[in-house]
Amino acid sequence: MNRRYRKTIIAGNWKMNMTATETKKFAEDMKKIMPRVKWCEVVICVPACNISTAMKAFKEPRIIVGAENVYFEPSGAFTGEMSAAMLADLGVKYVIVGHSERRQYFCETDQTVNKKVHAVLDAGMNPIICVGESLEQRETGITDDLIAMQVKSALFNVSAEKLRRCVIAYEPIWAIGTGKTATSEQAAEVCRNIRGVIRNLYGARVARGVTIQYGGSMNPKNAAELLAQADIDGGLIGGASLKPEQFLDIINAANGE
Ligand code: PGA
């Protein structure tokens with residue numbers, strides 16, 4: 001983390017978990033244990049059908065509500081999709097874009113990710129842009145090139161002004177939901193390279209202001225070490241964000257430096 005130049009953001013990604021009733025219960029439990037957090041932003045991205053419930057329930061534990069997905073068209077005949085304007089109107093601040101599960105199961109490509117990034121930014125919200133390599137890609141030695149490509153594509157035609165609102169989440173696919181975490185060195189190296197790609201595109205001053213998260217089996221045990229790395233400015237947390245105590249432990253780990 002480097003608090004002087006950029007925000008630390010601890011964000012939960014609930015994926016397809018938690019009913020509205022469970023969302024309320026989670027908020028009540030968090031309210032009981034969560035201190036006033038000043039050292040980072042705390043966000044939870046919830047299933048779309050629970051956004052309104054979360055918006056009310058998360059007020060007191062002071063958790064910012066995010067969405068897990070968006071469609072890039074402004075409106076029209078796209079059954080089942082949600083526009084950025086719809087999310088912004090509900091008060092959503094962050095939207096996860098290009099999560100590897102969406103790339104894998106729902107045919108998202110670097111091009112659609114870029115369109116979604118623009119839709120989110122144009123609606124005044126902040127995209128959390130996910131990038132990451134598979135185990136096979138890592139073993140072939142193409143991680144750096146692949147991630148650079150994903151970052152450049154996602155940010156295509158994004159102005160330096162708007163880049164300030166973008167968060168990049170490095171999530172090695174082989175570490176998601178598997179209990180396998182990247183070592184802090186592996187995670188730090190890729191996050192440093194991501195900042196290098198942004199520096200080449202936008203210059204050093206802009207690059208040092210961008211929040212880069214690590215995601216992939218982050219938990220109370222490994223969070224402090226991962227978050228202590230200079231270029232890791234937060235976490236995108238799946239499994240451990242479903243449990244109030246674990247999520248709080250990670251939030252507290254971000255208070256390390
Ligand atoms: P995980 O998920 O923490 O359960 O590995 C992270 C993510 O996919 O965002």
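Owing to the predicted nature of the structure, the values given are computational and were not obtained by experimental measurement. Whatever order the structure lists ligands and atoms in, that order sets their numbers, starting from 1.
The closest approach between Ala240 and ligand 1 stays at or above 4.0 Å for every heavy atom of the residue. Heavy atoms of Ala175 approach ligand 1 to within less than 4.0 angstrom.
Looking only at heavy atoms of the protein, atom 2 (O) of ligand 1 is closest to Lys15 NZ, 3.3 Å. Ranking the protein heavy atoms by distance from atom 9 (O) of ligand 1 puts Glu171 OE2, 2.7 Å first. Scanning all protein heavy atoms for the shortest distance to atom 4 (O) of ligand 1 gives Gly239 N, 2.9 Å.
Annotation for ligand 1: atoms under 4.0 Å from non-hydrogen atoms of Ser217 are 1 (P), 3 (O), 5 (O). Of all atoms in ligand 1, numbered sequentially from 1 with element shown, those under 4.0 Å from a heavy atom of Gly177 are 1 (P), 4 (O), 5 (O). For ligand 1, the atoms closer than 4.0 angstrom to any heavy atom of His99 are 7 (C), 8 (O), 9 (O).
Distance CG/Leu242 to CZ/Phe247: 10.0 Å, rounded to 0.5 Å.
Ion pairing between a basic and an acidic side chain is recognised when a charged N comes within 4.0 Å of a carboxylate O; Glu68 and Lys15 show no such pairing. No salt bridge links Lys31 with Glu60; every basic N to acidic carboxylate O contact stays at or beyond 4.0 Å. Remark: Arg103 engages Asp110 in a salt bridge, criterion side-chain N to carboxylate O under 4.0 Å.
Between Gln137 and Thr140, the side chains place no donor N or O within less than 3.5 Å of an acceptor N or O (distance only, hydrogens not considered).
Between the side chain of Gln213 and the backbone N or O of Ala169 there is no donor-acceptor pair closer than 3.5 Å.
Ring planes of Phe58 and Trp14: perpendicular class, angle over 60° (limits at 30 and 60°).
None of Leu236, Asp231, Ile194 except one satisfies the side-chain contact (heavy atoms from CB on, under 4.5 Å) rule with Tyr170; the exception is Ile194.
Among the atoms of Gly238, some N or O lies under 3.5 angstrom from an N or O of ligand 1. Between Gly216 and ligand 1, a contact under 3.5 Å exists for no N or O pair.
At a 4.0 Å heavy-atom cut-off, ligand 1 touches Asn13 through the side chain alone.
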